[in-house]
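For reference, the structure is listed below as structure tokens.
It should be emphasised that the depicted structure is a prediction, and the values quoted were computed from it without experimental measurement. The first residue of the sequence shown is numbered 1, and numbering continues consecutively from there.
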Amino acid sequence: MAPRKLAAGNWKMNGNLAALDQIDELRAACPAPACDVLICPPAVLLHPMAARAGDMIAVGGQDCHANAAGAHTGDIAAAQLKDAGATYVILGHSERRADHGETDAQVAAKAAAAHAAGLIAIICVGETEAERDAGSTLDVIGTQLAGSIPAGAGAANTVIAYEPVWAIGTGRTPTLDQITEVHDFMRDRLTGHMAGADDCSLLYGGSVKPGNAAEIFAIVNVDGALVGGASLKAADFAGIVTALDAAN
């Protein structure tokens with residue numbers, strides 16, 4: 001077994017029912033991709049997207065609650081995502097950590113809930129610009145990995161996404177050497193945190209575009225991407241899927 005290649009799109013708080021036409025265009029542009037393709041839309045679009053995605057495109061949530069049910073107005077349980085057609089859920093994204101104050105322990109609890117519901121958890125880690133400038137990147141990543149991955153995590157139910165906060169939506173991208181350093185570190189560090197660490201998919205995210213995807217996917221230990229803005233347009237995301245298909 002080897003890490004599966006995954007092109008994952010995070011629509012964030014964007015899109016409407018009309019935007020689902022992009023799913024039809026993506027299917028037409030990439031009718032038989034060799035890699036796994038995933039789109040995580042806003043929760044209100046998850047069920048209609050799943051109905052249009054077919055077998056080619058998986059759909060996922062952008063967050064879930066740590067509890068299976070209860071009095072949590074505005075929250076969504078992992079089992080509800082599963083019932084709506086999701087097979088994945090993004091957890092611990094930097095925007096959730098920053099905007100909602102999510103801690104590593106909360107991310108781990110949510111990931112455990114996702115696993116219990118039969119979802120694959122995409123656990124996000126990444127440093128801020130200040131942490132990068134202070135030379136603390138690997139310390140930050142190591143701490144986040146140790147605190148965010150729950151017991152029982154493995155290659156079959158967990159994906160790790162490295163998203164340097166300072167590169168998300170800014171047009172800035174780390175150098176290839178910087179990406180290599182972090183992904184090699186994560187592969188090594190995961191050995192102590194999950195079974196089958198060598199087979200766990202490691203995604204890079206942060207201003208991934210068709211123009212830079214091929215060189216990023218050529219890096220050892222980069223098994224795909226978690227894509228933001230470029231996943232909103234089928235033509236752009238198809239270029240990223242094509243680049244991942246072509247990567248060794």
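Checking side-chain atoms of Asn157 against main-chain N and O of Gly154 turns up a donor-acceptor pair under 3.5 Å.
Asp198 and Arg187 are not joined by a salt bridge, as no carboxylate oxygen comes within less than 4.0 angstrom of a charged side-chain nitrogen. Using a 4.0 Å cut-off between a side-chain N of Lys or Arg and a carboxylate O of Asp or Glu, Arg132 and Glu127 qualify as a salt bridge.
Side-chain contact annotation: Glu131 with Trp166, donor-acceptor N/O pair under 3.5 Å absent. Looking only at atom types and distance, the side chain of Gln62 has no donor-acceptor partner in the side chain of His93 under 3.5 Å away.
Linking Ile, Leu, Val, Met, Phe, Trp and Tyr residues whenever their side-chain heavy atoms come within less than 4.5 Å leaves Phe237 and Tyr88 in two separate clusters.
Between His183 and Tyr204, the ring planes are tilted. Angles from 30° to 60° get that label.
When the side-chain hydrogen bond (donor to acceptor under 3.5 Å, both in side chains) test is applied to Glu95, the partners found at least two apart in sequence or on another chain are Lys12. In this structure, the side-chain contact (heavy atoms from CB on, under 4.5 Å) partners of Thr103, at least two apart in sequence or on a different chain, are Ala105, Gln106. When the ring-ring contact (aromatic ring centres under 6.0 Å, His included) test is applied to His72, the partners found at least two apart in sequence or on another chain are His65. Among residues two or more places apart in sequence or in another chain, the side-chain hydrogen bond (donor to acceptor under 3.5 Å, both in side chains) test is passed with Arg189 by none.
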Item to check | Derivation and outcome, side chain to side chain contact (heavy atoms under 4.5 Å, CB included), residues Ser231 and Trp11 | outcome: CA-CA 7 Å; Ser231 69; Trp11 279 19; 3.4 Å; yes

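Using a 4.5 Å cut-off on side-chain heavy atoms (C-beta onward), Leu81 and Leu119 make contact.
Under the salt bridge (charged side-chain N to carboxylate O under 4.0 Å, His left out) criterion, no residue pair touches residues 233-248, with sequence neighbours excluded. The list of salt bridge (charged side-chain N to carboxylate O under 4.0 Å, His left out) pairs with a residue in residues 58-74, not counting sequence neighbours, reads Asp63-Arg96, Asp63-Lys110.
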